[in-house]
Amino acid sequence: MFAITATGPLAASAAPPALRAHYEVTLEKGRSTWTVGSGSNVSSGVPISHDIGPYRVALLPRLEATGRYTLKVSVGLIPRGADAVYAPDSRSFAGQLAFPLEFTTTLAGTKVTGGIMISPARNAATPLHSR
């Protein structure tokens, strides 16, 4: 058996950039309103998911090489029971890193409004203020 070891510039794959998201999503159905908001570290291709009211909301950012990203917003009823299936309704929006993205749409028969800002995360070695 042989082992192949890569060396040189192609040996190490570039780690995805560390990102931070601040977001708020509001769902409105009839006279009921549910809101969730937070700030968290995020990764491209990994959803941010919250159960609010009877709904599950997911925000899925996909970073592009140009500093732009696509945000897929999904909303569906939380599955109840052993045979229930989560079948969300989704829509995608285009955004630019470090700029706010606001969205309004109707998903799963529910009005969805929200906003998100995705930025490079601060490195612990980077000072907050330069002198």
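FYI, the numbering just counts along the sequence from 1. Please read all numbers here as calculations on a predicted model, not as lab measurements.
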Quickly, which of Thr33, Thr113, Thr35, Val57 forms a side chain to side chain contact (heavy atoms under 4.5 Å, CB included) with Leu27? Name it, please.
Val57

Side-chain donor-acceptor contact under 3.5 Å, Thr110 with Tyr55:
yes

Atom of [X], atom of [Y] and distance for their closest heavy-atom approach:
| X | Y | answer |
| --- | --- | --- |
| Pro61 | Ser43 | CG-O, 4.0 Å |
| Phe93 | Leu101 | CB-CD2, 4.0 Å |
| Lys29 | Gly109 | NZ-O, 3.1 Å |
| Trp34 | Gly53 | NE1-CA, 3.3 Å |
| Gly39 | His22 | CA-ND1, 3.7 Å |
| Ala98 | Ser119 | CA-OG, 3.6 Å |

Starting at CE of Met117, measure out to CD of Gln96 and round the result to the nearest 0.5 Å.
12.0 Å

Output the distance between atom NZ (Lys111) and atom OG1 (Thr105), rounded to the nearest 0.5 Å.
11.0 Å

Heavy-atom distance under 4.5 Å between the side chains of [X] and [Y], does that happen here?
| X | Y | value |
| --- | --- | --- |
| Val73 | Arg91 | no |
| Tyr86 | Arg56 | yes |
| Tyr69 | Ser44 | no |
| Leu19 | Val42 | yes |
| Ser92 | Thr70 | yes |
| Val25 | Phe103 | yes |
| Pro88 | Val75 | no |

Does Glu24 use its side chain to pair, donor to acceptor, with the backbone of Val36 at less than 3.5 Å?
no

Donor-acceptor pair, Asp89 side chain versus Ala108 backbone, under 3.5 Å?
yes

Above 12 or not: heavy atoms from other molecules or residues under 6.0 Å from [atom1] of [X]?
| X | atom1 | result |
| --- | --- | --- |
| Phe99 | CZ | no |
| Glu102 | CD | no |
| Arg62 | CZ | no |

Are Leu71 and Leu97 grouped together when hydrophobic residues (ILVMFWY) are joined by side-chain heavy atoms under 4.5 angstrom apart?
yes

